There are 2 protein chains.
Amino acid sequence: MFSSDPNAMGMLIRKLESIAFLSEEERQAIQNLPIRVQALRARQDIVRDGDRPSQCCLVLEGWAVRYKLLSEGRRQILSFHIPGDIPDLQGLHLHTMDHSLATLTKATVAFIPHESLLDLTTRYPTLAGIFWRETLIDAAIFREWVTSMGRRSACERIAHLFCELYLRLEAVGLASEHRCEMLVTQIELSDALGLTSVHINRVLKDLRQRELITLKSRNLTIEAWNELTRTSDFDPTYLHQRRPVA
Amino acid sequence: MFSSDPNAMGMLIRKLESIAFLSEEERQAIQNLPIRVQALRARQDIVRDGDRPSQCCLVLEGWAVRYKLLSEGRRQILSFHIPGDIPDLQGLHLHTMDHSLATLTKATVAFIPHESLLDLTTRYPTLAGIFWRETLIDAAIFREWVTSMGRRSACERIAHLFCELYLRLEAVGLASEHRCEMLVTQIELSDALGLTSVHINRVLKDLRQRELITLKSRNLTIEAWNELTRTSDFDPTYLHQRRPVA
DNA sequence: AGGAACCATTCACATAGGTTTCCTCTTTTG
DNA sequence: CAAAAGAGGAAACCTATGTGAATGGTTCCT
């Protein structure tokens, strides 16, 4: 399938506009990127550790994760990705994958050749800066995760992650009123936060009892945003979103 | 002081050449960057969380750290920086600091105006790609740290960090034969690895007893490289260095 | 609709790593 | 060069989180 689908790139544009200003010409240039759209099953690898991909993957629908595998079956989830994200943008200048990328849920993705993206960055230096910025925000999120894993308690980590994901979903129009889908199992949460699923379960129970959140069949409601951000030390600056957040 | 110092930029060039190829013209362009060299005391902030800097900081001598402060005096060190590093390169496209940068030891740094760097990236798109790559490697290191903090034991984390720092120092000519300076206290190690200094001390004792390392008055010798990399699951791919490593 | 596979939940028990405290050895600095 | 500050080291004790195992509830195939 080609870029004829008028909406495929809408998600990417919405995402980029959440972190930078795009001119009409730049929006057009993005719309004209050649893409190949593909539907994927849940829990399917897209690129693997060690691969040398020649295209980037844009998430259109569903969630994806990046992860590393360690000895003895240990797994670390490095990031969650939602529609509008390009989880392997770093591939443009880092030629060997140092981790894997997979779908979490059933998903639709679009593949964009590196070649076309590099050409775009040459023709539109401002867009190059915006894509660069996107990878820098990715890094800023890793820094925040390092901070969580290093110095925050289990409870703070979970609360912090929920705040982050809510704001990211809201920025691309996939959440509002402190409600969003939370398409991750407790096992996935544990692999992302460096905990066990048993402990995730304990802490979720506590967060529910304190009436900070409601979480049922993949639907999260943050019942007390201010208290949740306070207890988890959450400050959205690191997301570097364009519009100031409540 | 201006770029008249013929050696100030040598460190940056050596660093960039450890991750990419530079043409003679590009080397010249870098040499011509205007810089202001400054000597700093140990443990001195260079840029603070929330600042909006207009220049980047290149480390010439000594070590630096990036860190975040949390409530109740908690601190998380996000990265260690050695000569040749530009710890706040992300400032080029991320205008508000989401963490602080400070010296660890007495240090010499060079400040380069964002303006000059942005101009350089416009005139030399290949150099833009190389600086972008540098920030992507920075992110790759964060991913590895997330993995360490999430799924590696205290012993594995320390061993992994030593391997990483050794290779980075070696890449810019500041280490060889599995020996290097390790200009960090046990407290700083603990704040970087999400542990306490007491536990760092316990684990170092163990690593010494197992004759994997020697660490005395800031001098580290890795006595058994292969075993150390094996026990810590260390794979240097994530450093994306140009030359293959032993 | 029925089963297989996955997920959430809970319990009893185990441990890696944290806390507090104290002492000694270096390093810095006046 | 001596005092002060900082860093390494270590013991006793504590706790947040891990382990393993069992049960019932969901979701997804066929």
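Chain A is the first sequence line, chain B the second, and so forth, proteins listed ahead of strands; every chain is numbered from 1. Note that the structure is predicted; figures quoted are calculated from it, not measured.
Separating the CD1 atom of B:I187 from the C1' atom of C:dG18 is a distance of 15 Å, rounded to the nearest angstrom. Nucleotide C:dG18 holds its P atom 7 Å from the CZ atom of A:R151, rounded to whole Å. The nearest whole Å value for the distance from the NZ atom in B:K106 to the C1' atom in C:dT27 is 14 Å. At whole-Å resolution of the value, CG in A:L189 and C1' in C:dC6 are 16 Å apart. Following rounding to the nearest Å, A:L195 (CG) and D:dT19 (P) show an atom-to-atom distance of 11 Å. Following rounding to the nearest Å, B:R218 (CZ) and C:dT28 (P) show an atom-to-atom distance of 8 Å.
Looking at heavy-atom distances under 4.0 Å, B:T196 makes contact with a base. Nucleic acid contact class of B:L204 (heavy atoms, under 4.0 Å, all strands): none. Using a 4.0 Å heavy-atom cutoff across all strands shown, A:R152 reaches no nucleic acid atom at all. Note on A:S153: only backbone sugar-phosphate atoms sit closer than 4.0 angstrom, heavy atoms only; bases stay farther off. A:R43 comes within contact range of the sugar-phosphate backbone alone, with a heavy-atom separation under 4.0 Å but no base atom that close.
A salt bridge between B:K106 and B:E61 is absent, with no side-chain N of the basic residue lying under 4.0 Å from a carboxylate O of the acidic one. Of the charged side-chain nitrogens involved, none lies within less than 4.0 Å of a carboxylate oxygen, so that A:E156 and A:R230 do not count as a salt-bridged pair.
Using a 4.0 Å cut-off, no side-chain N or O of A:K205 falls inside it from OP1 or OP2 of C:dT9. Taking side-chain N and O atoms only, A:N201 has a distance below 4.0 Å to OP1 or OP2 of C:dT9. The phosphate of C:dT9 (OP1 or OP2) has a side-chain N or O of A:R208 nearer than 4.0 angstrom.
Nearest nucleotide to the side chain of B:H199, out of C:dG18, C:dA8, D:dA21: C:dG18. Closest to the side chain of B:S217, from the set C:dT19, C:dA8, C:dT27, is C:dT27.
The closest side-chain donor-acceptor pair between B:D45 and B:Y67 falls under 3.5 angstrom. No side-chain donor-acceptor contact under 3.5 Å links A:R74 and A:Q76.
In this model, a side-chain donor or acceptor of B:R202 finds a partner on the base of C:dG18 within 3.5 Å.
Ring pair B:Y166/B:W225: centre-to-centre distance below 6.0 Å.
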